[in-house]
Amino acid sequence: MSNITIEDFGKFVIYADGGAIRLTRRKSQAIVTVLAHNRDHAETRVRLSALLWSGTSEGGARTNLRQEISHIRTKVEAQNTPLIGSDKE
């Protein structure tokens, strides 16, 4: 895994492999922050979607989570840095 630094005060920036990745969506920022702070254990999609979309139906929350994860992956593709791993659960 690459050396990754996250600045989450002021502008949200992820520094990885010498490049800067900027996430402007608050939910994307929240996902990265939760995963970074809890990196010693896996987070489930159910827990993340319930945490971030508690007022939404389960199906809607899972759809929103998929969209945000896709957005994050799109942003980091240019850096070729694996920030998020998934076991599809």
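The side-chain contact (heavy atoms from CB on, under 4.5 Å) check on R25 picks up S28, E68, H71, with sequence neighbours excluded. Applying the side-chain contact (heavy atoms from CB on, under 4.5 Å) criterion to E7, with sequence neighbours excluded, gives Y15. With sequence neighbours left out, the side-chain contact (heavy atoms from CB on, under 4.5 Å) criterion links S70 to T74. Applying the side-chain hydrogen bond (donor to acceptor under 3.5 Å, both in side chains) criterion to S49, with sequence neighbours excluded, gives no partner residue. Considering only residues two or more places apart in sequence or on other chains, R26 meets the side-chain contact (heavy atoms from CB on, under 4.5 Å) condition with Q29.
At a threshold of 4.5 Å between side-chain heavy atoms, the hydrophobic network of Ile, Leu, Val, Met, Phe, Trp and Tyr places L51 and F12 in one connected group.
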**Study point:** side-chain contact (heavy atoms from CB on, under 4.5 Å) between L48 and V46, worked out
**Key:** CA-CA 6 Å; L48 282 172; V46 172; over 6 Å; no
Check your understanding: Passes side-chain contact (heavy atoms from CB on, under 4.5 Å), R45 versus R66? Steps please.
Key -> CA-CA 9 Å; R45 290 173 182 260; R66 275 193 305 275; 4.1 Å; yes
Check your understanding: Are I72 and I31 close enough, and set up right, to give a side-chain contact (heavy atoms from CB on, under 4.5 Å), and what steps lead you there?
Key -> CA-CA 9 Å; I72 294 165; I31 291 167; 4.0 Å; yes
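Between A61 and T56 the shortest heavy-atom distance is N-CG2, 3.6 Å.
Taken to the nearest 0.5 Å, the CG atom of N38 stands 8.5 Å off from the CG atom of D40. Rounding to the nearest 0.5 angstrom, the gap separating the OG1 atom in T33 from the CG atom in D8 is 5.0 Å. Atom CG of L65 sits about 8.0 Å away from atom CZ of R62, to the nearest 0.5 Å. Note that CG of L23 is 13.0 Å distant from NZ of K11, once rounded to the nearest 0.5 Å.
The salt bridge (charged side-chain N to carboxylate O under 4.0 Å, His left out) contacts involving residues 47-60 comprise E43-R47, where partners must be two or more places apart or lie in separate chains.
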